[in-house]
Amino acid sequence: MDVCFTVDYEPDCPPYMTDTFRGVEEATTPLLAMLREEGVPATFFSTGVVAERYPAAIDAIVHDGHELGCHGHTHRKFPDLPPGEAREEIETSAAVLRRHAPVTSFRAPNLVFPDAYLRFLADAGFTLDSSQARYKATWWRRDRHATPPLRRIPASATSSVLRLPRPLRETYLAALGGRNTPVVLFVHPWEFVDLRHTDLRLDCRFATGETAFRRVRAVLRFLTRRGARFVTMRDLAAAQPA
Ligand SMILES: [Zn+2]
């Protein structure tokens with residue numbers, strides 16, 4: 001079973017907080033340490049703005065051998081942007097991120113991306129889109145023929161699932177994946193900051209901070225015991241038929 005562990009590397013809990021970057025500032029070093037200890041290569045989908053503000057953090061990610069991907073520039077939702085702005089959002093973030101590493105994988109903020117804009121990704125040199133989500137109704141209604149030359153690999157589960165107590169979490173995880181269906185998980189840096197006493201929505205704040213570190217590490221070990229092979233999104237795309 002192929003498993004991609006991905007990080008949407010962004011401001012704190014958009015659109016609720018957006019002006020702070022505590023997750024990037026406080027969680028990057030321990031998150032990289034955990035991935036190193038568990039031997040897990042990850043894909044970090046960063047916004048361009050985060051890369052502009054924290055270039056050393058991006059270099060640390062690349063230095064550890066993780067894939068750098070693109071999560072838009074400003075974390076605005078693409079359905080809200082007219083075509084010209086959508087194209088600019090993609091081109092600007094790609095240019096900023098590619099100062100650090102080759103970047104060919106993309107995930108839209110909030111996992112929503114209009115099909116009509118897929119050509120902007122292809123034009124900007126992206127070969128993989130992970131903006132869809134298997135757990136959303138839109139995945140089941142999608143047009144299955146619409147998208148060459150991009151590979152499209154959806155996320156399997158929303159991030160808060162990884163922070164659930166063990167029985168719920170492992171029951172959910174055990175049901176993911178299957179023959180020719182990779183498991184794509186994602187987390188956010190701000191989940192590793194203690195947000196329990198903020199007034200954020202419950203799914204954004206429960207079990208954040210140290211508990212999130214403990215539970216996400218347990219997820220990686222649970223999947224390893226079940227025979228997971230951890231790969232980056234780029235490697236997964238390369239291995240999949242077009
Ligand atoms: Zn995001």
Side-chain angles (χ1 to χ4, degrees), residues 4-28 31-32 35 42-54 57-58 61 66-81 85-86 88-94 96-97 100 103-114 117-118 120-121 124 126 128-136 138-139 152-163 184-193 195 198 200-209 212 216 232-234:
C4 287
F5 183 79
T6 70
V7 182
D8 290 357
Y9 203 61
E10 60 185 32
D12 294 334
C13 203
Y16 306 106
M17 298 175 84
T18 65
D19 281 340
T20 62
F21 296 80
R22 285 184 63 198
V24 170
E25 292 169 0
E26 298 172 29
T28 301
L31 182 56
L32 288 175
L35 294 172
T43 298
F44 283 71
F45 291 102
S46 179
T47 68
V49 166
V50 165
E52 282 176 341
R53 291 179 68 131
Y54 300 96
I58 301 293
I61 289 164
H66 301 298
E67 179 187 3
L68 184 62
C70 178
H71 194 44
H73 192 60
T74 59
H75 209 279
R76 287 178 297 169
K77 289 185 193 175
F78 278 91
D80 296 344
L81 303 178
E85 273 183 61
E88 197 177 298
E89 180 85 8
I90 290 163
E91 288 175 353
T92 305
S93 52
V96 171
L97 293 163
H100 299 271
V103 175
T104 54
S105 300
F106 178 86
R107 175 178 292 146
N110 301 87
L111 293 116
V112 283
F113 194 77
Y117 293 171
L118 286 168
F120 300 157
L121 293 179
F126 289 94
L128 167 81
D129 173 58
S130 184
S131 300
Q132 295 169 305
R134 224 172 259 287
Y135 55 90
K136 290 186 180 187
T138 44
W139 162 257
R152 300 194 82 185
I153 302 179
S156 305
T158 195
S159 62
S160 54
V161 164
L162 309 190
R163 287 182 278 122
V184 178
L185 303 176
F186 68 96
V187 297
H188 308 91
W190 47 265
E191 294 178 86
F192 300 102
V193 173
L195 301 173
T198 62
L200 288 174
R201 234 172 44 199
L202 178 64
D203 64 302
C204 296
R205 66 182 152 83
F206 84 92
T208 49
V216 169
T232 62
M233 295 297 291
R234 179 189 288 137

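Counting starts at 1 for both ligands and their atoms, in listed order.
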Ser130 side-chain N/O to Ile153 backbone N/O, donor-acceptor pair under 3.5 Å: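 Judged by distance alone, yes, a pair lies under 3.5 Å.
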
Ser93 side-chain N/O to Ile90 backbone N/O, donor-acceptor pair under 3.5 Å: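 Side chain of Ser93 to backbone of Ile90: a pair is present.
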
Within residues 42-51 or reaching into it, pairs that qualify as salt bridge (Lys or Arg N to Asp or Glu O under 4.0 Å) - sequence neighbours excluded: none

Side-chain donor-acceptor pair present, Arg76, Thr74, cut-off under 3.5 Å: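 Checked: Arg76/Thr74 side chains pair up, N/O donor to acceptor below 3.5 Å.
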
Distance below 2.8 Å from the Zn ion (ligand 1): protein N/O/S atoms: Glu10 OE1, His71 NE2, His75 NE2

Side-chain heavy-atom pair Phe186, Thr43 within 4.5 angstrom cut-off: no

Aromatic ring pairing His66/Phe44, orientation class (parallel under 30°, perpendicular over 60°, tilted between):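 Aromatic pair His66/Phe44 classed tilted.
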
